[in-house]
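Okay, structure first, notes after.
Model, not experiment: these values are computed from the prediction.
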Amino acid sequence: MSLPAPSLPQSWWRGLSRPQRFMQISARLLPPLGIISAVGLAAGLYLAWAAPPDYQQGLTVKIMFIHVPCAWLSMLCYTMMACSAAGILLWKHPLAAIALKTAAPIGAAFTLLALATGSIWGRPSWGTWWEWGDSRLFSMFILLLLYCGIIALSRAFDNSRTAAYAAAVLTLIGFIDIPIIKFSVEWWNSLHQPASILRKGGIAIAPAILIPLLVMAAAFTMLFFVLQLLAMRNEILRVSLRALQQKLAWEAEPAAVDEPDTIADNGQDRETGL
Amino acid sequence: MTHWQFVILAYAITALVLTGLFARLFIAGRRLRQELRQMEQKRAANRRNHG
Amino acid sequence: MKNLFIRDIKAGIKAGGAIGTSLLFFISVIILSPFALGTDKTLLAQAGPGLLWFFALLAVLLGLDRLFQTDKEDGSLDIILAAGDFSSLTVMVLVKSAAHWVSTVLPLIAAAPVLSLLLNPAWRQAAALTASLVLGTPAITFIGALGAALTAALPRGGVLLAVLVLPLIIPVIIFGTAASVALAAGTALQPLYFLLALTLFFGLVGPAAAALALKFTAE
Amino acid sequence: MAEIPQYVRIEIEGLQAQRGGKILFSQLSFSLQSGQIAVINGANGTGKSTLLRLIAGLYPPLSGTIDLSMATAQKTAPALENKNISLPRQGFSHYLSDKNAMKPQLSVRDNLRFWCRFFTDKRLGAGEEKKVLLRALDKVKMAAYADLPFAALSTGQKRRIGLSRLLTGARPLWLLDEPGSGLDQAGAALFSQICREHLAAGGLVIAATHTPLGLPADISLNLADYRPQTPEGQFYDPLQAG
C-alpha cells in the first residue's frame, strides 16, 4: 500500500495553531513514525546483542545502549519543554501549553529509566546500587525532581491558562538552573571523590559499539515523538470532552442560563465559585 | 548476580516502562474517542427531541 | 517602594507569627538533632555546618509561602499588580523578599552562632557559619519568592512550594556548606565567591520570574 | 487633592471576556468622558467584577481594546482636541474591590500612609502628607480612628477606610466593585458625596453595583444584554484561542 505523501498546506505553521489541524497532521504522522521507531528499536536491539563485550567491564557495557539514549532523551525532552514554555509566554500558543503539560510525564519516565539503568550498570563496579560519587547520576536525580515539580504545578490549577503560565515560568527557571546544578554537583563531586572509577565518557567508542548506540538513540528519539504526539492528542480529546460536557449541561436545562437576580444576598457580588 | 543478569534486568525494566507508557497512552486515546462519540450521539439525541 | 519595605516589616513584626514560628522551628530542630544523630562530639562537630544550613533552608521556606498570600487575601496584591508594569513589579518582589529576609531570616542568623556552639564549641566554626549564612540565605529567599509567586494562586500552595523550589536550591546548599567549612579551615575562599555569585544571580532572576508569574497568574 | 488632568477620555471597543470556560460578555463598547459616571448592573456571575478587573489592567481581555487618552488641559470648549496623549494603563485608575486592601495588624494611619506614598510619585513633605491623610479620613468621617489597628474596626468602618484609600492619590478613573457593600445609610450618603466631588473635579467613575448609588448615571449598562445569546456562542474553547 503506498502511503500518499502528506501534502502539507503552505500555511503550515499558522494553520498548526488550530488543534483540529494538529489532529489531522499528527494522525498522518503517527503511523510512519511508529513504524520507523519499531524498526529502529528492532535493529538496535539486534546490533546491541551482536556487539562484542567490553574488555574491561564485560557484558554490562550493553546497558550503555539504553542508558545513554535515555539520558540523552531526558535532556532533549526538557529542552523541548523549555521551547514550548517560551512559546506559551511569548505567543500564548495553546498547543505549546498542551505540549508542555504532556511532555513532563514522558520526560520524567525517561529520566527514571536513565537513573535505573545507570545504577544497574554501575552496580558491578561500584558494589552498591547508588554511588554518591557519580555526579551524573545525582544531577539526573535532580532533573527528575524538577520534572515532578513541573508535573505537580501544571496539574495543580483548575484554570488551564494559569496552569500553563505557571508551569512555563518554572520550566524556564529550571532550564537556566540545570547548568548551575550540574556545575555545582561536579564541583562538589571533585571535592569529595577523586575522579569516579566509572568514567563513562572514557570508554573508547569502538565503531562496533558506536553504531548500535546511534541506532538506539535515533529509535528512542522517534519513540519519544510518537509518545509525545499520542499524549498531546489525548489531551486535546480530554479538553474537547470537558467542553462538550459543559455544552450538554447548558443545552439540557436552558432555563438555568440566566439565573434570577438575587437582591436577597448582602450585595457581596463576587465572581467566585467557578 | 552475573553480568548477564544485570543486562537482562536493565533491558527488562526499560521495555516494561516504555511499553507501559505506550499502552497507557494508546488505551486512553481509544477510551476518550469512544466517550466523545457517545457524547456526540447524546447531544444529537437531545437536539432531536428538544428539536 | 521603600515604604512597602517598611510596611511589610511592620506587618511582619506586629503579626509576630511568621518570625516566631521560623525561629522556634530552627532552634527546636537543631536542639533535637543530637537525639537523632547521637551525642558523639566529633560527628556533631563534623555535621554542624551541614545541619545548620539545611535547617536554615527549611526554616526560610516555612515562612515563604505566606509572602504573597496575605497580600492576596486582603486585596492589596490586586492593586499593586494593576498599578505596576514589569519592572516596578520586579522591584516590588525584590523589596518584599528583602523585607521577608530581614524580618524572618535575620533572627535565624542571629541565633545561628549560639546554636553552632551547641553542636561544635569552636568559635571559628560559628563565625564562619554565620558569615556563609549571611551571604547564602538571600539566594534561598529569592528562589523561594519565585516559588511563592507560582503557588500564590493556589489555596494550599505551601507544600508544593517546597517541592518546586528544593531542586533549584541545591547549588546554594552545596556552596553554603562548603563556604562555611572553607572559612573555618581558612582554605581557598572559592566556594564563598560562588555563593555570592548565586545570591546576586538569583537576586535578579528570582524577582523577575516572580513578577512574570504573578502578572500571568492574576485571576 | 492633587489636580486631575481635564478632559480625560476612556474608549472601550468590542470587549470580550471569559471566566471558567464561559464567555461572559462580548462586543461590549462604550466611552466615558471627564465628569461622567457609568453604572454596570447585572445578576451575579454576569462578569461585573471581571469587567472592572479588565479595565484596571489585571489581565488581558479575550478581544477588544481599552484606550485611555487625555487631552492637554486647554481651557477650550469641552470638545476634545485631536492632540490626545494616550496614557499608559498602569497608574491611571483606582480599583476598589470588595476587599479593602488594608493590613489588619497595622493602624489605619500606617495603612493610609503606605497607600498615599504608593500612589503619589513625587515625595510629599511630612506636613503635606499629614494634610492629605487627614483630609481623606475627614471625608469619610473616620478621623478619630486614625490610630486604631485596622482589625479593630467594624465592617462599615473598614469599608469607609477602603473608600478613603481612593482619596490618598489622584487617579482620574475610579473602578468601584460593589462600593456600597457593608455601608450603612450614612456611609452610602458619604460615598455619593465623595463621588460627586471626584466627578466635579473632572474624574470618571465606573461602578458595578446592585444597590442604587444615589447618583444619576450618565451611562447605565446591563451586562446580561452583552452575553452571547446562543449556548454555542457562550462557550469558550481554550484550544481556539491564541
Side-chain angles (χ1 to χ4, degrees), chain A residues 30 34 37 41 45 48-49 53-54 57-67 69-70 102 105-106 108-110 112-124 216 220 223-224 226-245 247-248 251-252 254, chain B:
Chain A
L30 268 173
S37 60
L41 277 174
L45 281 175
W49 183 74
D54 179 71
Q57 291 174 22
L59 282 171
T60 52
V61 79
K62 290 188 188 298
I63 298 178
M64 177 167 82
F65 297 131
I66 37 174
H67 174 68
C70 281
T102 53
I106 299 172
F110 277 111
L112 201 66
L113 274 181
L115 269 173
T117 48
S119 82
I120 294 170
W121 186 2
R123 174 70 180 75
M216 283 298 265
F220 267 62
L223 182 62
F224 166 71
V226 168
L227 293 173
Q228 170 67 349
L229 285 181
L230 269 175
M232 283 177 77
R233 287 168 63 84
N234 286 356
E235 186 62 24
I236 290 176
L237 288 178
R238 224 169 271 127
V239 171
S240 322
L241 197 66
R242 220 174 303 130
L244 209 54
Q245 275 156 356
K247 269 189 211 169
L248 256 172
E251 281 159 4
Chain B
M1 291 254 276
T2 67
H3 282 204
W4 192 246
Q5 282 159 334
F6 284 128
V7 176
I8 297 294
L9 183 64
Y11 276 74
I13 291 175
T14 313
L16 197 68
V17 170
L18 290 183
T19 36
L21 197 56
F22 181 82
R24 200 168 68 86
L25 288 172
F26 192 76
I27 292 164
R30 231 157 18 115
R31 190 174 43 78
L32 282 167
R33 256 192 303 281
Q34 197 202 346
E35 238 170 278
L36 214 58
R37 228 172 288 117
Q38 271 169 7
M39 203 64 75
E40 282 296 341
Q41 280 146 14
K42 209 157 56 165
R43 194 155 171 247
N46 272 3
R47 196 160 275 160
R48 261 199 306 284
N49 39 34
H50 272 307

Exercise for the section: List the atom of B/A10, the atom of A/I120, and the distance in Å for their closest heavy-atom pair. Expected result: CA-CD1, 3.9 Å
Exercise for the section: Show your working on side-chain contact (heavy atoms from CB on, under 4.5 Å) between A/F220 and B/T14 and close with a plain yes or no. Expected result: CA-CA 11 Å; A/F220 267 62; B/T14 313; 4.1 Å; yes
Problem - Between CZ on residue B/F26 and CZ on residue A/R233, distance to nearest 0.5 Å - result: 10.0 Å
Handout entry: B/R31 side, atom CZ; A/L241 side, atom CG - distance, nearest 0.5 Å
Key = 9.0 Å
Exercise for the section: Give, as side chain, backbone, both or neither, the part of A/F224 having an atom under 4.5 angstrom from any heavy atom of chain B. Expected result: neither
Handout entry: Side chain / backbone / both / neither for A/L112 at chain B, heavy atoms under 4.5 Å
Key = neither
Practice task
Would you mind checking which part of A/L113 comes under 4.5 Å of any heavy atom in chain B, side chain (CB onward), backbone (N, CA, C, O), both or neither?
Solution key: side chain
Practice task
Kindly compute the distance separating CG (A/L244) from CD (B/E40), expressed to the nearest 0.5 Å.
Solution key: 5.0 Å
Handout entry: Non-hydrogen atoms of B/I13 and A/A116 that approach each other most closely
Key = CG2-CB, 4.4 Å
Problem - chain A contact via B/V7 - side chain, backbone, both or neither, heavy atoms under 4.5 Å - result: both
Practice task
Using non-hydrogen atoms and a 4.5 Å limit, figure out which bit of A/R238 sits close to chain B: side chain, backbone, both or neither.
Solution key: both
Exercise for the section: Report the distance from atom CZ of B/F6 to atom OG1 of A/T117, rounding to the nearest 0.5 Å. Expected result: 13.5 Å
Fill in the blank from the handout: Paired with B/L25, the side-chain contact (heavy atoms from CB on, under 4.5 Å) test is passed by just one of A/V226, A/L229, A/L230, A/T102, namely A/L230
Handout entry: Shortest non-hydrogen contact from A/N234 toward B/A28
Key = ND2-CB, 3.7 Å
Handout entry: Partner chain B: residue of A/L41, A/L237, A/I66, A/L223 with the largest heavy-atom pair count (under 4.5 Å)
Key = A/I66
Handout entry: B/L21 versus A/A109, closest heavy-atom pair with distance
Key = CD2-CB, 4.0 Å
Handout entry: Contact summary for A/F110 and B/L18, nearest pair of heavy atoms
Key = CE2-CD2, 3.8 Å
Handout entry: Heavy-atom contact with chain A under 4.5 Å, split by part of B/R33
Key = both
Practice task
Mind checking side chain to side chain contact (heavy atoms under 4.5 Å, CB included) for A/A48 and listing every partner two or more places apart, or none if nothing turns up?
Solution key: A/F65, B/Y11
Exercise for the section: Go through the atoms of A/L45 and report whether side chain, backbone, both or neither lie under 4.5 Å from a heavy atom of chain B. Expected result: side chain
